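Read the structure below first, then the notes.
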Amino acid sequence: MSHQFNQYSKLLNRSLSHAVDYLEALPERPIDSQISSQSLRRQIGGSLPLQPSNPEQVLDELVANVENGLIGSGGPRYFGYAIGGSFPVALAADWLVSAWDQNVPYYVSSPGTSVVEETAAEWMLELLGLPDTAGVGFTSGAQEAIYTALITARNSLLQKAGWDVATQGLYNAPRIHVVVSDQIHSTIKRALSMIGIGVNDIKTIPTDNNLRIIPDSLPEILEQCNGPTLVCAQAGCIDSGTFDPFEEIAKHVEAHPNAWLHVDGAIGLWSAVSDKQKHLLKGIEKADSWDTDGHKWFNMPYDSGMVIVRDASLLATAMGGNSMGDYLTDAIAKPDRNAINFGISASRRARGVPVYAAIKALGKEGIQAHLDNCCMLAQRMADRLRNVDGITILNDVVSNRFSAQFGIGDDAFRNHLTERVVHQLQQDGFCYPSTSGYKGLKTMLFSVLNCHTTIEDIDATAEKIIEIYHIELETCQLGEAAELCD
């Protein structure tokens, strides 16, 4: 029987050609083509195929029909939300992951990639300055990492209170108090709702003008938490890039008889790699768990996230890897790393391989250079904009992101003008910031995450932002958008 493995060469080379054409065109192509969903459905959809088609033609049509609906988020002038590009070596390694097609929850199913992930985990802990005994799991992103960390926190807090979730479930379990920043990311709330901890009774800690937790209010809040208590802090606030005062927070959490400190570091945890930035994370090593994304500031291809738990045994117990079916008993009994003990997936691709490749290719110095460059570019953009009358930078720029507002006047006027400016920038297609909120204000969120962004990109983008701002301001002043600008 012929398995026809020689079929791969022609198709993969065709795919390579299309991919390289797309990647090399990113700096010039419009970031958002503004194609409608109806047009995309007409091009991509249709009746269910009943007969085989030429696979090369399928690839060609896929590219032709889909590319107009792609956002150029991997390009050098995409500054929206918290989306990074890809280090070339990470993308190349990710292609190998797809070709190898290994299932990595158990060492026996892929010894090579298991050791790659084991090594990548060890290197990550050293880079981030976290305990070398911690458990590291490679997840689909920070949302899954948060979910995994909070499951571990929930089970551990209740175990300390005399309740075993694995055998007793959650009915009648002791209540877990939750204390978070008033700027906590929605992924924390989403994870809490999925693991049986309601969000209605969350206690919030106020933040300062840079969206940083005010730690003086924490002791009084913790005094109200009589029982298991989960505290969440942030490394890299989504709207300001700021870092909570971890050392002071950890001191108060440690004084509580049964508390767990989790740090959401989806973006900012990587600052620990930089000698220039790591002072912002002083005390972060005292937390009980952390999460981060690879596909944001670390420029991994999607999907890439990491969960880290100080006590690896607590993570393994919460994940229940040793409770799998009898047919897996031999696999679990092996002494080597079984990834199922570090995450929720019972089947997954080798997500740690691109991480390994990037760390080995760039080294600590290369990663630090990337991180520092992003911060320098964000600061440069903020400096350019704040020198323009009517543009306000709302936060101290300590990292790779900031929030800005446009116009002079009341909140309603500035909110509407800001929304118009960002919308027009997105439609223009040269650059792409996004909107967000900052203590009730509508803002332009500007994030620098991509390894390909240069000073020239920043300066050209600054000119475009200022140009669009003046056009939209004049439009409002002339009364051509009276409803929005009244």
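Only a predicted model underlies this, so the values are computations on that prediction, with no experimental measurement involved.
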Gap between atom [atom2] of [Y] and atom [atom1] of [X] - 0.5 Å precision:
X: Thr435; Y: Tyr81; atom1: OG1; atom2: OH; answer: 6.0 Å
X: Met300; Y: Phe138; atom1: CE; atom2: CZ; answer: 10.5 Å
X: Arg190; Y: Leu150; atom1: CZ; atom2: CG; answer: 13.0 Å
X: Leu281; Y: Glu247; atom1: CG; atom2: CD; answer: 12.0 Å
X: Arg351; Y: Arg349; atom1: CZ; atom2: CZ; answer: 8.5 Å
X: Phe446; Y: Ile458; atom1: CZ; atom2: CD1; answer: 4.5 Å

Using a 4.5 Å cut-off on heavy atoms from C-beta on, say whether the side chain of [Y] contacts that of [X].
X: Val448; Y: Leu377; value: yes
X: Leu158; Y: Pro174; value: yes
X: His262; Y: Asp288; value: no
X: Asp372; Y: Gln277; value: yes
X: Ile213; Y: Ile249; value: yes
X: Thr242; Y: Leu280; value: no
X: Val397; Y: Met381; value: no
X: Trp260; Y: Thr152; value: yes

| task | Check step by step if salt bridge (charged side-chain N to carboxylate O under 4.0 Å, His left out) holds for Asp275 and Lys364. | result | CA-CA 10 Å; Asp275 293 336; Lys364 181 179 185 296; 3.5 Å; yes
Please determine, by modelled atom types, if [X] and [Y] share a side-chain donor-acceptor pair under 3.5 angstrom.
X: Asn155; Y: Gln159; answer: no
X: Ser109; Y: Asn103; answer: no
X: His295; Y: Ser304; answer: no
X: Asn395; Y: Asn210; answer: no
X: His452; Y: Asp457; answer: no
X: Asn415; Y: Gln405; answer: yes
X: Ser86; Y: Asn299; answer: no

Determine the minimum heavy-atom distance between [X] and [Y], stating which atoms define it.
X: Lys286; Y: Ala250; answer: CB-CB, 3.8 Å
X: Ala235; Y: Phe243; answer: CA-CD2, 3.6 Å
X: Asp291; Y: Leu269; answer: O-CD2, 4.0 Å
X: Leu157; Y: Asn258; answer: O-ND2, 3.1 Å
X: Pro433; Y: Leu425; answer: CG-CD1, 3.8 Å
X: Ala120; Y: Ile359; answer: O-CD1, 4.3 Å

**Request:** Please step through side chain to side chain contact (heavy atoms under 4.5 Å, CB included) for the pair Ile340 and Met319, ending with a clear verdict.
**Result:** CA-CA 7 Å; Ile340 197 168; Met319 294 301 98; over 6 Å; no
Problem - Pairing of Glu117 and Arg348 as salt bridge, 4.0 angstrom limit - result: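 Yes.
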Could Arg212 and Asp244 be called an ion pair, given the rule that one side-chain N must be under 4.0 Å from one carboxylate O?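 Result for this pair is no, no salt bridge flagged.
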For [Y], does its backbone N or O pair with a side-chain atom of [X] as donor and acceptor, under 3.5 Å?
X: Asp396; Y: Val398; result: no
X: Trp123; Y: Glu118; result: no
X: Trp163; Y: Gly169; result: yes
X: Gln102; Y: Trp100; result: yes
X: Asp132; Y: Ala134; result: no
X: Ser181; Y: Gln183; result: yes
X: Asp293; Y: Ala142; result: yes
X: Asp410; Y: Phe413; result: yes
X: Glu144; Y: Ser140; result: yes
X: Thr292; Y: Gly265; result: yes

Centroid separation His370 to Phe87 less than 6.0 Å: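 Yes.
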[atom1] ([X]) with more than 12 external heavy atoms under 6.0 Å:
X: Asn209; atom1: CG; answer: no
X: Lys203; atom1: NZ; answer: yes
X: Gln224; atom1: CD; answer: yes
X: Gln34; atom1: CD; answer: yes
X: Gln168; atom1: CD; answer: yes

field: Sequence-distant partners of Asp32, salt bridge (charged side-chain N to carboxylate O under 4.0 Å, His left out), two or more places apart
entry: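 With neighbours one apart ignored, the set is empty.
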- Between Val353 and Thr113, does a side chain to side chain contact (heavy atoms under 4.5 Å, CB included) hold up when you go through it step by step? CA-CA 7 Å; Val353 171; Thr113 58; 4.2 Å; yes
Between His177 and Asn226, is a side-chain hydrogen bond (donor to acceptor under 3.5 Å, both in side chains) present by the stated rule, with each step listed?
CA-CA 8 Å; His177 301 274; Asn226 182 22; over 6 Å; no
- ring-ring contact (aromatic ring centres under 6.0 Å, His included) involving Phe246 - partner list, sequence neighbours excluded: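 With neighbours one apart ignored, the set is empty.
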task = Mind jotting down which residue pairs meet the side chain to side chain donor-acceptor pair (under 3.5 Å) criterion with at least one end in residues 438-451? Sequence neighbours excluded, please.
result =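 Sorted result for residues 438-451: Thr207-Lys439, Arg401-Ser447.
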- Could you tell me whether Arg414 sits above the aromatic face of Phe406, with NZ or CZ closer than 6.0 angstrom to the six-membered ring centre and within 45 degrees of the axis?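 That pair does not qualify as a cation-pi contact.
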For Arg386 and Thr392: C-alpha separation, side-chain torsions, deciding distance, then whether side chain to side chain contact (heavy atoms under 4.5 Å, CB included) applies.
CA-CA 6 Å; Arg386 69 162 51 93; Thr392 303; over 6 Å; no
Ile197/Val178 under side chain to side chain contact (heavy atoms under 4.5 Å, CB included): CA gap, chis, key distance, verdict
CA-CA 9 Å; Ile197 301 178; Val178 179; 3.6 Å; yes
